[in-house]
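Order of the sequence lines sets the chain letters (A, B, ...), proteins ahead of strands, with each chain counted from 1.
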Protein chains: 2
Amino acid sequence: MAHTSARPPQKPTPDSSRRSEKSRRAIYAAALTLVTEVGYPKTTIEGIAARAGVGKQTIYRWWSSKADVLLEAFIDLSAQTAEATARPEVVGKQSPYEIPDTGDLEADLKLVLRAMVDELLDPAFEAPSRALAAEGVVNEQVGREFVGKLLEPQLQQYVKRLRAAQEQGAVRTDIDPRIALELFVSPLAQRWLQFTGPISYEYTDKLVEYALYGLAPRGPAAR
Amino acid sequence: MAHTSARPPQKPTPDSSRRSEKSRRAIYAAALTLVTEVGYPKTTIEGIAARAGVGKQTIYRWWSSKADVLLEAFIDLSAQTAEATARPEVVGKQSPYEIPDTGDLEADLKLVLRAMVDELLDPAFEAPSRALAAEGVVNEQVGREFVGKLLEPQLQQYVKRLRAAQEQGAVRTDIDPRIALELFVSPLAQRWLQFTGPISYEYTDKLVEYALYGLAPRGPAAR
DNA sequence: GGTCGGCGAGACGGAGCGTCTTGTCGGGCT
DNA sequence: AGCCCGACAAGACGCTCCGTCTCGCCGACC
């Protein structure tokens, strides 16, 4: 009776060693193109398959949904972009978008947030990341994967920079860096996600200033 | 040639004076129920019609998409809830969730943010507002309507309270209140929308403290 | 040179789309 | 009082896309 095989309705796990690299890349490219051209809701698995010159079954064999395809495609795109961006100065792995430490926290943060503004307005990134963010809002599993694989690694760079700032005396030591970073990152994210306001360098500069020095007057009379 | 009628393929505008109030309310209820029970993607116009005991055409006659139906249904729900919440002390229109002014800005903000935490975790509100937020991320028209009709009016309450605080000397006068409010509202919104972290009273309390007093040390040596 | 499994292609039944048709019903006008 | 008009419930229609399936085909490994 009991051999080594599983009992219940198990999927006939595909053999990944025989997987076609060419098809995979064509599917990534088709998914990213379509989501940019026709928008996420009108992007269909049939459409991706047709555009990639691939059978539908090839997509269903390796992915579970169009969100899953797009997530992997976007992760792949991000990895490529990061690789291209990273100067090949050090052989060791370049962490995603390392934040500079010139000793001037305010300037460093303003610089990085300005770079984020540029990225948010780059059409090649905007369509797929908007689509994934939208899916993640309503589908917790996709949301957590999106955050875990793409967003949180970037946020950890801020944690790192803020910890350094605490050692330099530029940030109070009783502050939780993981929360502190949200004071300037989340407002930008919300304006971009929900169209709650315009996005500009002046705006992100102000966010950094407000967050660092607080809304309350700093005179000795305060508090 | 030119009579009073329009020329090109115009929709035969329906007569709103003959509109069935009963059907409208049934459709709102069905939409809100379905989105809570089966989720936004599986909520269909056919399903709403069936659940409401209504013909599909009645929905297509008055709304353009399921997002449109849900948006109106949710606005209606919010209006009813606001009406029920507002104590009938004054006859005049109660603005949505007026923020108290006890003279202690920190305490007032913490209180209101705690109330927002409660609301975000209320299942009856969570499903529809998540669905609309998700749709709005990917559909700018829906996004702007969602923000204009639901989000921004609430944010303006913070603007009002912060302006009062500026007059009281509790907030620096060179600060833009519309941006300042985002320091504590947006982080909470992002954690809720994207599952980037847990939501609690302790968390929102910290947001208020960080925003008011800043991340940088407040000693005379700073800056 | 034979076997195995992923591959492109596309047929299949089922859902839901948005439109259109039919007959019913109720309010407003004459 | 009787009539007319348009919104209404119901559901048929052709369409697209879903997810599964069945074909041959072809390349890798034995």
* Asked: Tell me: NZ of A:Lys66 to C1' of D:dT16, nearest whole Å?
  -> 13 Å

* Asked: OH of B:Tyr60 versus P of D:dA9: gap in Å, rounded?
  -> 15 Å

* Asked: Are the side chain of B:Trp192 and the backbone N or O of B:Ile199 linked by a donor-acceptor pair below 3.5 Å?
  -> no

* Asked: So does A:Glu140 pair up with B:Arg130, basic N to acidic O under 4.0 Å?
  -> no

* To do: Answer yes when A:Glu37 and A:Lys42 have at least one side-chain N-carboxylate O distance shorter than 4.0 Å, and no when they do not.
  => no

* To do: For A:Ser17, answer base if it contacts any base atom (sugar-phosphate contacts may also be present), sugar-phosphate if it contacts only those atoms, and nothing otherwise; contact means non-hydrogen atoms under 4.0 Å.
  => nothing

* Identify whether the distance between the nearest side-chain nitrogen and carboxylate oxygen of B:Lys206 and B:Glu202 falls below 4.0 Å. => no

* Asked: Checking side-chain contact (heavy atoms from CB on, under 4.5 Å) for the pair B:Arg178/A:Thr196: CA distance, chi angles, key distance, verdict?
  -> CA-CA 11 Å; B:Arg178 183 57 185 76; A:Thr196 48; 4.2 Å; yes

* Structure fact -> Whole-Å distance, B:Arg61 CZ to C:dC20 P, equals 13 Å

* Kindly say if A:Trp62 contacts the phosphate of C:dC7, meaning a side-chain N or O under 4.0 Å from OP1 or OP2. => yes

* Using a cut-off of less than 4.0 Å, is there contact between a side-chain N or O of B:Ser23 and OP1 or OP2 of D:dA7? -> no

* Distance-only donor-acceptor test, B:Arg18 side-chain atoms vs D:dC5 base atoms, 3.5 Å -> yes

* Expected output: side-chain B:Tyr203 to main-chain B:Gly197 donor-acceptor under 3.5 Å -> no

* Asked: Atom NZ of B:Lys22 and atom C1' of C:dG26: how far apart are they, to the nearest Å?
  -> 12 Å

* Structure fact -> B:Ile59 atom CD1 is separated from D:dA9 atom P, nearest whole Å, by 9 Å

* Asked: Of the residues in residues 42-58 of chain A, which ones touch DNA chain D at a heavy-atom distance under 4.0 Å?
  -> A:Thr44, A:Ile45, A:Glu46, A:Lys56, A:Gln57

* Any sub-3.5 Å donor-acceptor pair from B:Thr58's side-chain atoms to B:Val54's backbone N or O? -> no

* Asked: A:Arg19 side chain: which of D:dA28, D:dC8, C:dC7 is closest?
  -> C:dC7

* Asked: Rounding to a whole Å, what distance do you find between B:Arg24:CZ and D:dA7:P?
  -> 16 Å

* Please state how far atom CD in A:Glu21 lies from atom P in C:dC7, giving the value in whole angstrom units. => 11 Å

